[in-house]
Enquirer: 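Just passing along the structure, written as structure tokens.
Residue numbering restarts at 1 for every chain, and letters A, B, ... go by the order of the sequence lines.
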Number of protein chains: 2
Amino acid sequence: METKYRCNCPFTSALDVLGDKWMLVIIKQMLLENKETFKDFTESDEAIATNILSSKLKQLEEYGLVTKSKLPNNKKSIYYHLTDKALDLTPVILELGIWSDKHLREAHPTIVDDDGMQLLRTDKAEFGRVIEGKYREKLAAIMAISH
Amino acid sequence: METKYRCNCPFTSALDVLGDKWMLVIIKQMLLENKETFKDFTESDEAIATNILSSKLKQLEEYGLVTKSKLPNNKKSIYYHLTDKALDLTPVILELGIWSDKHLREAHPTIVDDDGMQLLRTDKAEFGRVIEGKYREKLAAIMAISH
DNA sequence: ACTTTTGCTTGCATAATACAAGTAATAACG
DNA sequence: CGTTATTACTTGTATTATGCAAGCAAAAGT
């Protein structure tokens with residue numbers, strides 16, 4: 001893969017990497033929904049096809065947004081996790097959620113509105129700290145035992 | 001057009017609307033680069049094809065992100081502008097820019113780094129206020145004379 | 001041993017995007 | 001007034017991205 005950047009605009013360049021149907025969704029699933037393995041992703045609500053998932057995970061790796069590891073007690077499963085570069089996309093994802101919460105409910109009334117969304121609405125920074133903290137904890141645990 | 005939302009996740013739903021190669025780029029061009037007419041867009045660095053531009057502008061209208069107007073002294077040009085719903089995407093666009101600034105320069109060294117980017121880096125909130133303020137001013141001027 | 005699970009790949013269908021050309025309605029110019 | 005240029009598109013075709021179904025090898029479970 002060799003990304004063709006459309007131009008020198010930083011905003012457009014970000015979208016050259018992330019502007020498709022799946023990249024940010026997969027990152028969100030890892031960050032917010034504890035998805036770690038191939039199977040986890042295939043079972044998610046978004047129902048990504050396995051060939052797309054496979055190719056997107058490869059792209060994410062090439063961009064340095066995702067790394068893989070195996071756990072010693074499980075030779076079958078591969079664990080995917082986010083790098084710091086991907087964790088720095090947290091604000092982008094949060095802002096998308098805030099916008100969605102405010103503007104998409106009219107067209108799409110069944111969008112979830114749980115405690116998490118309420119926290120995001122009332123204290124975005126705290127929401128960000130909480131999820132990033134949780135993710136880093138989990139990551140540390142996995143890294144400690146993976147090889 | 002009838003958007004198929006993949007699921008009830010607010011983040012994914014935002015990407016059902018915005019997650020493609022062009023939607024956020026066009027919004028950015030209007031917000032940050034004073035693009036207003038069909039011609040403006042075709043002449044931009046991103047070099048969008050006219051058929052894509054046409055279909056994306058239609059989508060943006062249908063989503064309530066863009067409206068059109070004509071100026072009394074010009075029967076040829078159609079002026080496209082952002083709605084409040086689209087202006088609320090400013091934080092998303094800024095966060096994409098911040099991420100790009102921090103992480104994409106290595107892979108794509110020619111990304112611009114001007115006064116605007118410096119302000120974005122050092123004072124995101126101020127950057128947001130400035131560009132949104134400027135846009136609203138311009139919009140008010142156009143609205144005052146359009147029919 | 002046999003079956004199931006996991007992490008993929010392959011083949012084919014459809015949808016999104018790209019490129020080139022053409023068109024109708026203005027507007028500008030001689 | 002007639003000719004040319006500009007603007008906002010559409011149409012046709014090629015290429016790329018995504019979707020769906022099936023298959024497959026390695027590991028795990030029974």
Enquirer: What are the bounds, 5' to 3', of the part of DNA chain C that sits under 4.0 Å from heavy atoms of chain B?
Expert: C:dT17 to C:dA27
Enquirer: Can you tell me the distance, in whole Å, between the NZ atom of A:Lys75 and the C1' atom of D:dA25?
Expert: 16 Å
Enquirer: Whole angstroms only, please: what is the CD1-P distance between B:Ile52 and D:dT10?
Expert: 12 Å
Enquirer: Is there a donor-acceptor pair under 3.5 Å between the side chain of A:Asp101 and the backbone N or O of A:Ile98?
Expert: no
Enquirer: Taking the minimum atom-to-atom distance to the side chain of A:Asn51, which one of D:dG19, D:dT10, D:dT18 wins?
Expert: D:dG19
Enquirer: To the nearest angstrom, how far is A:Asn73 atom CG from D:dG29 atom C1'?
Expert: 15 Å
Enquirer: Taking atom NZ as the centre, does B:Lys124 end up with more than 12 heavy-atom neighbours from other residues, nucleotides or ligands that are less than 6.0 angstrom away?
Expert: no
Enquirer: Can you check the A:Ile78 CD1 to D:dA28 P distance for me, whole Å?
Expert: 12 Å
Enquirer: Please lay out, stage by stage, how A:Asp113 and A:Arg121 fare under the test salt bridge (Lys or Arg N to Asp or Glu O under 4.0 Å).
Expert: CA-CA 10 Å; A:Asp113 189 5; A:Arg121 212 154 37 220; 3.2 Å; yes
Enquirer: Looking at B:Arg105 and B:Val112, would you say the former's side chain and the latter's main chain have a donor-acceptor pair under 3.5 Å?
Expert: yes
Enquirer: Tell me whether A:Lys134 is salt-bridged to A:Glu137, with the criterion being a basic N under 4.0 Å from an acidic carboxylate O.
Expert: no
Enquirer: Please classify the nucleic acid contact of A:Tyr80 as base, sugar-phosphate, or nothing, using heavy-atom distances under 4.0 Å.
Expert: sugar-phosphate
Enquirer: Please determine if A:Lys58 and A:Glu62 form a salt bridge, counting it only when a charged side-chain N lies under 4.0 Å from a carboxylate O.
Expert: no
Enquirer: For A:Met23 and D:dA17, give me the distance from atom CE to atom C1', rounded to whole Å.
Expert: 13 Å
Enquirer: Here's a test of your reading of the structure: between A:Trp22 and A:Lys76, which maps to the more 5' nucleotide of DNA chain D?
Expert: A:Trp22
Enquirer: Using atom NZ of B:Lys70 as one end and atom C1' of D:dT7 as the other, report the distance to the nearest whole Å.
Expert: 10 Å
Enquirer: Take the protein atom CG of A:Leu57 and the nucleotide atom P of D:dT18, then report the distance between them rounded to whole Å.
Expert: 13 Å
Enquirer: Check whether A:Asp16 reaches the backbone of A:Arg6 with its side chain - one donor and one acceptor, N or O, closer than 3.5 Å.
Expert: yes
Enquirer: Indicate, with a heavy-atom threshold strictly under 4.0 Å, whether B:Thr37 touches base, sugar-phosphate, or nothing.
Expert: sugar-phosphate
Enquirer: Between A:Thr50 and A:Asn74, name the one whose nearest nucleotide on DNA chain D is closer to the 5' end.
Expert: A:Thr50
Enquirer: Rounded off to whole Å, could you give me the CD1-to-P distance for the B:Ile48 and D:dC9 pair?
Expert: 13 Å
Enquirer: Are B:Leu119 and B:Ile111 linked, directly or through intermediate hydrophobic residues, by side-chain heavy-atom contacts shorter than 4.5 Å (ILVMFWY only)?
Expert: yes
Enquirer: Can you tell me if the side-chain N/O atoms of B:Ser54 get under 4.0 Å from OP1 or OP2 in D:dT10?
Expert: yes
Enquirer: What nucleic acid atoms does A:Lys68 come within less than 4.0 Å of, heavy atoms only: base, sugar-phosphate, or nothing?
Expert: nothing
Enquirer: To the side chain of B:Lys39, which of D:dT18, D:dA8, D:dT10 is closest?
Expert: D:dA8
Enquirer: Within less than 4.0 Å of OP1 or OP2 of D:dT10, is there a side-chain N or O belonging to B:Lys58?
Expert: yes
Enquirer: Distance check: side-chain N/O of B:Ser77 vs OP1/OP2 of D:dA8, anything under 4.0 Å?
Expert: yes
